[in-house]
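Since the structure comes first, as structure tokens, the remarks are kept for the end.
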Protein chains: 4
Amino acid sequence: MTHHVATPGRLEAFSDGVIAVIITIMVLELKVPTQNGLDGLRAVLPTLCLYLISFAFTGIYWINHHHLVHRTEEADELILWANLGFLFCLSLLPFFTSYVLEKKMDSFSVAIYVASMVVTGFSFLLLRLAIGRRLRHAGKLDAEDTAVQRKNYLSLFVYLVAIPLAFQHPRVSLGLVAFVTIVWITPTTGIKPREEHPPHNRI
Amino acid sequence: MTHHVATPGRLEAFSDGVIAVIITIMVLELKVPTQNGLDGLRAVLPTLCLYLISFAFTGIYWINHHHLVHRTEEADELILWANLGFLFCLSLLPFFTSYVLEKKMDSFSVAIYVASMVVTGFSFLLLRLAIGRRLRHAGKLDAEDTAVQRKNYLSLFVYLVAIPLAFQHPRVSLGLVAFVTIVWITPTTGIKPREEHPPHNRI
Amino acid sequence: MTHHVATPGRLEAFSDGVIAVIITIMVLELKVPTQNGLDGLRAVLPTLCLYLISFAFTGIYWINHHHLVHRTEEADELILWANLGFLFCLSLLPFFTSYVLEKKMDSFSVAIYVASMVVTGFSFLLLRLAIGRRLRHAGKLDAEDTAVQRKNYLSLFVYLVAIPLAFQHPRVSLGLVAFVTIVWITPTTGIKPREEHPPHNRI
Amino acid sequence: MTHHVATPGRLEAFSDGVIAVIITIMVLELKVPTQNGLDGLRAVLPTLCLYLISFAFTGIYWINHHHLVHRTEEADELILWANLGFLFCLSLLPFFTSYVLEKKMDSFSVAIYVASMVVTGFSFLLLRLAIGRRLRHAGKLDAEDTAVQRKNYLSLFVYLVAIPLAFQHPRVSLGLVAFVTIVWITPTTGIKPREEHPPHNRI
């Protein structure tokens, strides 16, 4: 009774806070263009698109993170550390986003932007393994988990392809990343529309 | 039991975090004036007013968001995405606020500031539709929802009028937006002063 | 059942988020000094002291806010608006803190820094009145509330004295504010050390 | 019933918010290098390492903070103040991190960076004492607490050694800090893998 580990609720609350700050401070990187009128807006459009990609990437990880963490009944130290590692990788996204912007989307900057997404993906995979180990013990793993995990591997593979591609066609590489992020990571399989318990007990 | 969707509590907590960061980081855009004494304060007054408008706009959406999300009993994927879309649009507000400030409230900057409010309004309308669909199923929609939705349409219409107006009289346009925001979006109709359940069960 | 107002838990969560961001982003105003070694640290000391005052001011309001909001059983629209007004005033503190720093603690900047504290104090008084009205209805007001409210009036009075004082002795004025903030606003009277209910039910 | 003190849940929520902002805004200090290609990335590597140290330091304190606060059943004023003091010290970490970066890891900057960690460690010790006093009353202190407290003292001692070391070998001093942070502060002793209560009741 005296010893205890973080409850998933606490883990979620902290992760939510960190992800909420990450997803929002990226907007501080958006710089008001020097040109006036429509020219200024046009100059800022690629920036807005990149911000949208980073926002969607973070938002999708939030959904996946919630989906994953919610089912564990306790968070042991391995999970705590895997989670901190994942948050660290994700927290670098605003930095690499502004990296791409300041280097005006040149090949190298796009390559390391995508590489940082790969690293984030791997760190999330570690978190998934750390939690999965526990869920398997409790007999809570099912076909959906296998499907989601396969999607995870596949999207990581496409990211890895996008890195060398960035050196040839940085914008195509970014487009591929945007496409993959949205198509693959979303947890679409097997989500049931109803739950039995009243929501105010589980927050 | 294994599959599940985000509970509204979780959705609220994340949205609250994002909105709290949005509403607060705007203050980082306020620049200390170069003039000393009263002149400096006078130079910063329009900035403060614009910050007040953006703060009120965000605050009102927080109230409406809470009012809307709280009644759903589960958040399906459509709601999650509509919510992320709404948060994305809202997160651009600090950027467009500093846009207006750096362009010294010229016509074009005010026009796109108001336009970003229109887009945010539309994204909130989508969220309302996504949640309303579910509430209608559950038979929870009533006269108040119809009234609030009508207010939503009307305020969007006035915003649309404010965009061309900005090219003639940017300050009048901003005043109109400030007025409409406060008058129309507030959920005044039919709010009952008492609830039966003790609050600590519903957080 | 369909209509409802924000629960205090929700109000607290959002206010907590905003106050947490306010109290932390002030650290972004701290600039690394250009001098090296001890000289640099000495140059940054007044800044650190001012940051400490602003941090303590915000922290104390967090304690008072929690103390006040927790007892209400529902938050009507008046309370929601009074709360947003209070958060708006408080959110200006980082701006006025950097105002004082960039003006190198000249008289005028200290005067408006203290004036912003007075305005925040008044906005908190409004929130206290809005909530007190409701508590009085429920018969929950007692001697402690009267004592705390008196402390509130008194500290506002001392702040008002500190404004003209700033034009003569800005540092004395700041010291007075620091002293008053800590002595007066802390809710020391009548706090009981024990509660009966297990904490996990009230969060 | 009328009087009350902050519940640990509330204290945790606020502290979580502050720590989440602290841990994330440090990324704003990362500056995009002026060089292009691999040179730029190489130039930014020490910065990334320092960010990793600060991130890990903060993350570990989050784990320890949670571990400590969760067991108290109420937070009296002493605890509230000790907690605010701890958060204040921790909130200076982003400042001293950018201090080290802008001074290009010279001896003095590393020394005060480590010194700020010592101060944070002491403030956490105060919080531990304030909460421990209460836990001892309730008979909840055990062998694990003694072990963790000893680790706390030891890590503070090593930090104190690292300060003079910084004047000779700043990078060795940083490495020592990184090593100690990870080895000593982690609460490894005696953590049990299972809890009995369902997590949704304790959030």
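Note that the structure is a prediction, hence the values are computed from the model and not measured. Residue numbering restarts at 1 for every chain, and letters A, B, ... go by the order of the sequence lines.
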Spacing of [X] atom [atom1] and [Y] atom [atom2] [to the nearest 0.5 Å]:
X: B/His66; Y: C/Leu11; atom1: NE2; atom2: CG; result: 8.5 Å
X: C/Phe96; Y: B/Leu41; atom1: CZ; atom2: CG; result: 6.5 Å
X: C/Leu80; Y: B/Ile63; atom1: CG; atom2: CD1; result: 4.5 Å

Query raised in the report: Can you say whether C/Ile19 sits under 4.5 Å from chain B via the side chain, the backbone, both, or neither, judging by heavy atoms?
Result: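 Contact with chain B: none, neither part.
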
Chain C contact via [X] - side chain, backbone, both or neither, heavy atoms under 4.5 Å:
X: B/Leu28; answer: side chain
X: B/Ser15; answer: neither
X: B/Glu29; answer: neither

Query raised in the report: Does the side chain of B/Ile23 come within less than 4.5 Å of C/Leu87's, by heavy atoms?
Result: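 When only atoms from C-beta onward are counted, B/Ile23 and C/Leu87 do not touch, as no gap falls below 4.5 Å.
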
Kindly give the heavy-atom pair with the smallest separation between [X] and [Y], and that separation in Å.
X: B/Tyr51; Y: C/Ser91; answer: OH-OG, 2.7 Å
X: B/Ala20; Y: C/Gly17; answer: CB-C, 3.8 Å
X: B/Phe55; Y: C/Leu84; answer: CE2-O, 3.5 Å

Requested in this report: Flag the one option from C/Val21, C/Asp16, C/Leu101, C/Ile112 with the top tally of heavy-atom pairs under 4.5 Å to chain B.
Outcome: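 Top option by heavy-atom pairs under 4.5 Å: C/Val21.
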
Query raised in the report: Where does the angle between the aromatic ring planes of B/Trp62 and C/Phe14 fall among parallel (under 30°), tilted (30 to 60°) and perpendicular (over 60°)?
Result: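 Because their plane-to-plane angle is under 30°, the rings of B/Trp62 and C/Phe14 count as parallel.
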
Query raised in the report: Taking the side chain from C/Lys103 and the backbone from B/Gly37, do they hold a donor-acceptor pair closer than 3.5 Å?
Result: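 No; zero donor-acceptor contacts below 3.5 Å.
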
**Report entry** Pairs involving residues 101-128 of chain C, ordered by first then second residue, that meet ring-ring contact (aromatic ring centres under 6.0 Å, His included) (sequence neighbours left out)
**Finding:**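 Sorted pair list: C/Tyr61-C/Phe124, C/Phe86-C/Phe124.
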
Query raised in the report: Between C/Phe95 and B/Val44, is a side chain to side chain contact (heavy atoms under 4.5 Å, CB included) present by the stated rule, with each step listed?
Result: CA-CA 11 Å; C/Phe95 171 65; B/Val44 99; 3.8 Å; yes

